[in-house]
Amino acid sequence: MQTLILGNRDDIDDMAGGGGTVLTAVLKLIDRYDLYGQVAYPKHHKQTDVPHIYRLAAKTKGVFINPALVEPFGLTIIEAAAYGLPVVATKNGGPVDILKALHNGLLVDPHSAEAITGALLSLLADKGQWLESRRNGLRNIHRFSWPHHCRLYLSHVAAYCDHPSPHQRLRVPGVPAASASMGGDDSLSDSLRGLSLQISVDASSDLNAGDSAALIMDALRRRPAADRREGSGRALGFAPGRRQSLLVVAVDCYCDDGKPDVEQLKKAIDAAMSAGDGAGGRQGYVLSTGMTIPEAAETLKACGADPAGFDALICSSGAEICYPWKELTADEEYSGHVAFRWPGDHVKTVVPRLGKAEDAQASDLAVDVSAGSVHCHAYAATDASKVKKVDSIRQALRMRGFRCNLVYTRACTRLNVIPLSASRPRALRYLSIQWGIDLAKVAVLVGETGDTDREKLLPGLHRTLILPGMVSRGSEQLVRGEDGYATQDVVAMDSPNIVTLAQGQAVSDLLKAM
Ligand SMILES: O=c1ccn([C@@H]2O[C@H](COP(=O)(O)OP(=O)(O)O[C@H]3O[C@H](CO)[C@@H](O)[C@H](O)[C@H]3O)[C@@H](O)[C@H]2O)c(=O)[nH]1
Ligand SMILES: O=P(O)(O)OC[C@H]1O[C@](O)(CO)[C@@H](O)[C@@H]1O
């Protein structure tokens, strides 16, 4: 089945621009070649349908084609790559640069029907070529991430500022001697946040615009380290010094009764810690969990691990972050971020009513005050069969005007209700930005199963390592109903960024191989 997305319309005659003409021509071709039943051309689609359309095409081993006579940029080609869908694209315009970076398909002359047919058939018929294009797209898509884009852009700006007039100079703050000795910080995200303030035309400069891009970039890179030290009284100001990469332990190890499975978690932590041996402190550690901050600290101690050995704890399924080397209290800045549209106490009593199964008692999903926090309502669940799935509760809450994130944790025995903008991936992104560590230098360790938000930790710009045999009981049966989609329908599990640790393989070896 071919799917043609040809614009939303009620009536072809009312379509703007040349859309109506193109669609009419296509319908005539469908008729001429008698393709009824083989081609779908939906009249309407919503923006939220678009990811599913790309995924469907990728799943059915299809190809995305953009045969524009001229394509100024080509966002759709980047979108297709992000979903693992190979492309055939016009050789006129932006796609030339995109394919040079992504290698995710073939360029064609849009005026040549023969060239288009040839390229489509070649990708569709040659499974090896199709798979290579898919994997290249998934592997290289980070090149269109904002940090990468900004880095490239700045380097071009700096490189071409060769002839400034004497009073117009690019002022990049100097590098204090102390910070110059710090390890490389390869992300520009911090620098970029304040860039509009840092670059100004001013004669009293430390660097000329004519200086090499590398020099300017270097100064920009180092600046946040100095800023951070000034604010070191706050957790937010913590600069993880020599840290250049992060290992995030997000292995949700619980026993059947919901208590932390200390033995298994200890194995996961040991596997992570051993990967940092010999890194000279350049590797940082984060625990990412559905537990509260006190529970996480206590559990780490039970595992024989010093909580202070972790750079951060992401707790309550991403509602809180703390820095245990300093104190076990939540980062207020992050709390401020996630507070957006948090319905607070208004939603607290509604959840048990909407979340318990039809035949269940009120006590089957009851508020657990001790496991809650400012931005997390926690509920104790007696049995997985007595509660509704995440998707169903979320939908019921939305119908009542509450938009929240819901996560079952502790082997289906606890439901965390947190703000919509709080999640474990979101917390990770926050740390990556605050600390200036690119997500490409972050590796997340997960189990084969886990909390209901586990599948959201799998894709992204970071690398994901699946540790088999660590989690005996997860909560993922409570993600969505049986008629819902499967994880592999929304996550490209064959992405080069997602790998499973082989029996006896060390985390460090796998990281090196990725
Ligand atoms: O039926 C459609 C068509 C497009 N999109 C989305 O809309 C966005 C833009 O699509 P595109 O077809 O490229 O739209 P235009 O606005 O016509 O294109 C201009 O804007 C794009 C985004 O910057 C650039 O890539 C193009 O080169 C430029 O011509 C993408 O996210 C698409 O997924 C839909 O959701 N439904
Ligand atoms: O094929 P044509 O006429 O050059 O039109 C291509 C244009 O249509 C779009 O694909 C969608 O509007 C643009 O991205 C692109 O610029």
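Atoms within a ligand are numbered from 1 in the order they appear, just like the ligands themselves. Keep in mind the model is a prediction, meaning the values are calculated, not measured.
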Participant: With the threshold set strictly below 4.0 angstrom, can you tell me whether any protein non-hydrogen atom sits that near atom 25 (O) of ligand 1?
Facilitator: yes
Participant: Just wondering, do E71 and N66 contact through their side chains at under 4.5 Å, heavy atoms?
Facilitator: yes
Participant: Identify, by atom number and element, the atoms of ligand 1 in contact range of I5, meaning under 4.0 Å from any of its heavy atoms.
Facilitator: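 Numbered from 1, ligand 1 contributes 1 (O).
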Participant: Checking S432 side chain against L428 main chain: does a donor-acceptor pair fall under 3.5 Å?
Facilitator: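 The answer is no, because no donor-acceptor pair under 3.5 Å joins these two groups.
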Participant: Keeping D252 on the side-chain end and D451 on the backbone end, is there a donor-acceptor pair under 3.5 Å?
Facilitator: yes
Participant: For atom 19 (C) of ligand 1, is there a protein heavy atom at a distance under 4.0 Å?
Facilitator: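 Within 4.0 Å of atom 19 (C) of ligand 1, no protein heavy atoms are found.
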Participant: Quick one: nearest non-hydrogen protein atom to atom 10 (O) of ligand 1, plus distance?
Facilitator: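 Result: T76 CG2, 3.9 Å.
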Participant: Check whether any protein heavy atom sits under 4.0 Å from atom 13 (C) of ligand 2.
Facilitator: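 For atom 13 (C) of ligand 2 the answer is yes, since some protein heavy atom falls inside 4.0 Å.
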Participant: Take every heavy atom of G94, measure it against each atom of ligand 1, and state whether any distance is under 4.0 Å.
Facilitator: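 Judged by the 4.0 Å heavy-atom criterion, G94 does not count as contacting ligand 1.
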Participant: Are the side chain of K91 and the backbone N or O of D109 linked by a donor-acceptor pair below 3.5 Å?
Facilitator: no
Participant: With heavy atoms of P72 as the reference, note each atom of ligand 1 found under 4.0 Å away.
Facilitator: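 In order of numbering, the contacting atoms are 27 (O), 29 (O).
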Participant: Is the closest protein non-hydrogen atom to atom 8 (O) of ligand 2 under 4.0 Å?
Facilitator: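 So far as the 4.0 Å threshold goes, atom 8 (O) of ligand 2 is out of reach of every protein heavy atom.
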Participant: Please check if the side chain of R400 supplies one atom and the backbone of A396 the other of a donor-acceptor pair under 3.5 Å.
Facilitator: yes
Participant: Give the residue and atom name of whichever protein heavy atom lies nearest to atom 1 (O) of ligand 1, and the separation in Å to one decimal.
Facilitator: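 Sorting protein heavy atoms by distance from atom 1 (O) of ligand 1 puts H45 CE1, 3.0 Å first.
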Participant: Protein heavy atoms near atom 6 (C) of ligand 1, is at least one of them under 4.0 angstrom away?
Facilitator: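 No.
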Participant: Keeping the roles fixed (side chain from S288, backbone from A250), state whether a donor-acceptor pair exists under 3.5 Å.
Facilitator: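 Between the backbone of A250 and the side chain of S288 there is no qualifying donor-acceptor contact (under 3.5 Å).
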Participant: Among all protein heavy atoms, pick the one closest to atom 10 (O) of ligand 2 and tell me residue, atom and distance.
Facilitator: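 For this ligand atom, the closest protein heavy atom is E71 OE1, 3.3 Å.
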Participant: Mind checking whether Y430 and I314 have side chains closer than 4.5 Å, heavy atoms only?
Facilitator: no
Participant: Can you report which non-hydrogen protein atom sits closest to atom 21 (C) of ligand 1, along with the distance?
Facilitator: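 Going by distance alone, atom 21 (C) of ligand 1 is nearest to L75 CB, 4.4 Å.
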Participant: Taking the side chain as every heavy atom from C-beta outward, state whether L69 and N92 have any pair of such atoms under 4.5 Å apart.
Facilitator: no
Participant: Does N8 use its side chain to pair, donor to acceptor, with the backbone of H45 at less than 3.5 Å?
Facilitator: yes
Participant: Are any side-chain N or O atoms of N140 and backbone N or O atoms of N136, one a donor and one an acceptor, separated by less than 3.5 Å?
Facilitator: yes
Participant: Check each of E79, E71, Q47 against atom 31 (O) of ligand 1 and report the one with the nearest heavy atom.
Facilitator: E79
Participant: Taking non-hydrogen atoms only, is V50 closer than 4.0 angstrom to ligand 1 via side chain, backbone, both or neither?
Facilitator: side chain
Participant: Tell me whether the rings of H375 and W342 are parallel (<30°), tilted (30 to 60°) or perpendicular (>60°).
Facilitator: perpendicular
Participant: Does any N or O in the side chain of D438 come within less than 3.5 Å of the main-chain N or O of A440, such that one atom is a donor and the other an acceptor?
Facilitator: no
Participant: Run the numbers for me: atoms of ligand 2, each under 4.0 Å from some heavy atom of L69, listed by number.
Facilitator: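 Under 4.0 Å from L69, ligand 2 has these atoms: 1 (O), 2 (P), 4 (O).
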Participant: Flag atom 3 (C) of ligand 1 as yes if some protein heavy-atom distance to it falls below 4.0 Å, otherwise no.
Facilitator: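 No, because not a single protein heavy atom sits under 4.0 Å from atom 3 (C) of ligand 1.
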Participant: Within the side chain of S495, is there an N or O that forms a donor-acceptor pair under 3.5 Å with the backbone of L138?
Facilitator: no
Participant: For ligand 1, which is the ligand I care about here, please tell me if F73 has any N or O atom under 3.5 Å from one of the ligand's N or O atoms.
Facilitator: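 Yes; the residue has a nitrogen or oxygen that sits under 3.5 Å from a nitrogen or oxygen of the ligand.
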Participant: Should you measure from each heavy atom of V70, which atoms of ligand 2 turn up under 4.0 Å away?
Facilitator: 4 (O), 6 (C), 15 (C), 16 (O)
Participant: Nearest to atom 16 (O) of ligand 2 by heavy atom, G94, P110, P72, P67: which?
Facilitator: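 Nearest option to atom 16 (O) of ligand 2, by heavy atoms: P72.
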Participant: N/O of A68 under 3.5 Å from N/O of ligand 2, yes or no?
Facilitator: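 Min N/O separation from ligand 2 is not below 3.5 Å for A68.
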Participant: Quick check against the 3.5 Å criterion: does R454 have a side-chain atom that pairs as donor or acceptor with the backbone of E448?
Facilitator: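 Looks like yes, one N/O pair under 3.5 Å.
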Participant: Hey, is atom 36 (N) of ligand 1 under 4.0 Å from any protein heavy atom?
Facilitator: yes
Participant: Taking N or O atoms only and a 3.5 Å limit, does G7 qualify as a polar contact for ligand 1?
Facilitator: no
Participant: Please indicate, with yes or no, if any protein heavy atom is found under 4.0 Å from atom 15 (P) of ligand 1?
Facilitator: no
